[in-house]
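Notes to accompany the following structure.
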Amino acid sequence: MNIAGYLRRLGRPDLLDAPPTWEGLRALHTAHVERVPYEALDIWLERPTGIDPAESAARITGGRGGYCYHLNGAFSALLARLGYDVTRHAGGVQSRGAEPGITRNHLALTARGLPAPGNPGGAWLVDLGLGDGPHEPLPLVAGSYRQGPFTYGLRPSEVAPGGWRFDHDPAGSFEGMDFAAEPAEMAEFEDMHRHLSTSPDSGFVRVAAVLRRDASGVDVLRGLVLTRQGAGAHSVTLDAARDYYAALGDVFGLTLDDVAEAEKDRLWRRLRDAHEAWSAS
């Protein structure tokens, strides 16, 4: 793994030789969600991706993002190389109206041994892979936590003994997420990654979504609709390919340097057709 290159992508090369601290974890987490978008455009480009953390880290270093398996997988490897005590956990994101459960449609992380004011136990929920989720790590302590326009809750899980429940804000994109207490291996997520990447029932397959979190809100691009939640709230439909790709670059930092012009043309046609079908319905 190119640790120096990864940290340059995050704008924090100064943390290369820094000791593990709560302040360092927070700096890495906030830089990651601000600079590396939550995105699954490779599904719409018909480019299969793996979830090996080294592969995901290389994609991030090369200018792309990913969803939870990529983002949290790569970040866990980065933290481990920097000396942090980090653990991967099997989780389950619950859409609104669904039943909670450890479905393995989510990879969650915890970091330990990093005491801070308000969290002397030093255990943290670290999660880059929830889209409009936390801007910075959450204390692994039951309570309510305000970050920007969202209020999050943490409490013991009712479906995973010894695990935890993350409750999203009512204005968020999903109901909540439970994760199991025990460590998980990346191989446990392979089947669900395949399902999420290919199934017509997958939200990633139905809608091309890109999200980027910052301290005051979240930018969301679903299909051709660009929305800002939080400070500077607005919504606009991107009617032209040039506007769509300009938004990817300007708002989300996705220049798609790894995508040929012909591929971009095909992607735009797919997005436009999907938007027209959605509008007609």
Side-chain angles (χ1 to χ4, degrees), residues 26 29-30 32-34 36-40 65-72 75 88-111 118-119 123-160 162-181 184 189 192 196 201-204 206-207 209-223 225-233 235 252:
R26 179 174 56 188
H29 192 289
T30 58
H32 211 296
V33 296
E34 291 178 2
V36 182
Y38 178 98
E39 56 108 347
Y67 61 99
C68 65
Y69 304 141
H70 310 106
L71 299 175
N72 285 339
F75 195 51
R88 301 174 183 135
H89 304 268
V93 169
Q94 175 196 1
S95 59
R96 300 201 178 277
E99 291 295 321
I102 305 301
T103 60
R104 289 182 171 78
N105 69 357
H106 187 69
L107 164 65
L109 304 178
T110 58
N119 186 17
W124 303 88
L125 171 62
V126 179
D127 210 316
L128 317 172
L130 291 171
D132 55 2
H135 178 246
E136 59 183 65
L138 292 174
L140 209 55
V141 177
S144 179
Y145 302 94
R146 184 78 179 178
Q147 293 188 1
F150 301 119
T151 298
Y152 307 121
L154 276 178
R155 55 186 170 91
S157 173
E158 297 177 0
V159 297
W164 286 85
R165 167 73 175 188
F166 169 89
D167 289 309
H168 206 332
D169 190 280
S173 61
F174 58 93
E175 186 80 17
M177 183 271 294
D178 290 85
F179 66 93
F189 303 98
M192 184 56 76
L196 293 174
D201 297 329
S202 167
F204 297 127
R206 294 198 306 267
V207 180
V210 186
L211 295 90
R212 185 196 65 86
R213 185 74 159 88
D214 60 37
S216 61
V218 59
D219 298 299
V220 182
L221 179 58
R222 296 191 186 279
V225 180
L226 176 64
T227 303
R228 171 71 182 180
Q229 288 182 265
S235 182
F252 301 96

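For the numbers below, each heavy atom of this structure counts, side chains included, while hydrogens, waters and symmetry mates do not. As the structure is a prediction and not an experimental result, all values here were calculated from the model. By convention here, the first residue in the shown sequence is residue 1.
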Going by ring-ring contact (aromatic ring centres under 6.0 Å, His included), name the residues that satisfy it together with [X], two or more places apart in sequence or in a different chain.
{"X": "Phe189", "answer": "Tyr69"}
{"X": "Phe75", "answer": "His32"}
{"X": "His135", "answer": "none"}
{"X": "His89", "answer": "Phe179"}

Within the distance-only criterion (no hydrogens, no angle test), does the side chain of [X] pair as donor or acceptor with the backbone N or O of [Y] below 3.5 angstrom?
{"X": "Asn72", "Y": "Ala108", "result": "no"}
{"X": "Arg146", "Y": "Gly148", "result": "yes"}
{"X": "Arg213", "Y": "Pro134", "result": "no"}
{"X": "Tyr38", "Y": "Leu130", "result": "no"}

By side chain to side chain contact (heavy atoms under 4.5 Å, CB included), Ser216 pairs with (sequence neighbours left out) Asp214, Arg228, Ala231
Side chain to side chain contact (heavy atoms under 4.5 Å, CB included) partners for Val210, two or more places apart: Pro37, Glu39, Leu41, Leu221, Leu248, Phe252, Leu254
Indicate the atoms forming the closest heavy-atom contact of [X] with [Y], along with that distance.
{"X": "Pro149", "Y": "Gly217", "result": "CD-CA, 3.7 Å"}
{"X": "Leu211", "Y": "Asp132", "result": "CD2-N, 3.9 Å"}
{"X": "Ala40", "Y": "Phe204", "result": "CB-CD2, 3.8 Å"}
{"X": "Ala184", "Y": "Ala90", "result": "CB-N, 3.6 Å"}
{"X": "Tyr67", "Y": "Leu196", "result": "OH-CB, 3.8 Å"}
{"X": "Val141", "Y": "Leu154", "result": "O-CB, 3.9 Å"}

If you round to the nearest 0.5 Å, how far is [atom2] of [Y] from [atom1] of [X]?
{"X": "Arg155", "Y": "Asp178", "atom1": "CZ", "atom2": "CG", "value": "7.0 Å"}
{"X": "Met177", "Y": "Cys68", "atom1": "CE", "atom2": "SG", "value": "9.5 Å"}
{"X": "Asp127", "Y": "Leu71", "atom1": "CG", "atom2": "CG", "value": "9.5 Å"}
{"X": "Leu138", "Y": "Thr110", "atom1": "CG", "atom2": "OG1", "value": "12.5 Å"}

Gln94 and side chain to side chain donor-acceptor pair (under 3.5 Å): which single residue from Arg165, His106, Glu175 fits? Arg165
Side chains of Arg222 and Thr227: does their closest heavy-atom pair fall under 4.5 Å? no
I want to check something: taking the side chain as every heavy atom from C-beta on, are Ser144 and Tyr152 in contact at a cut-off of under 4.5 Å? no
For the residue pair Phe174 and His168, categorise the inter-ring angle as parallel (less than 30°), tilted (30 to 60°) or perpendicular (more than 60°). perpendicular
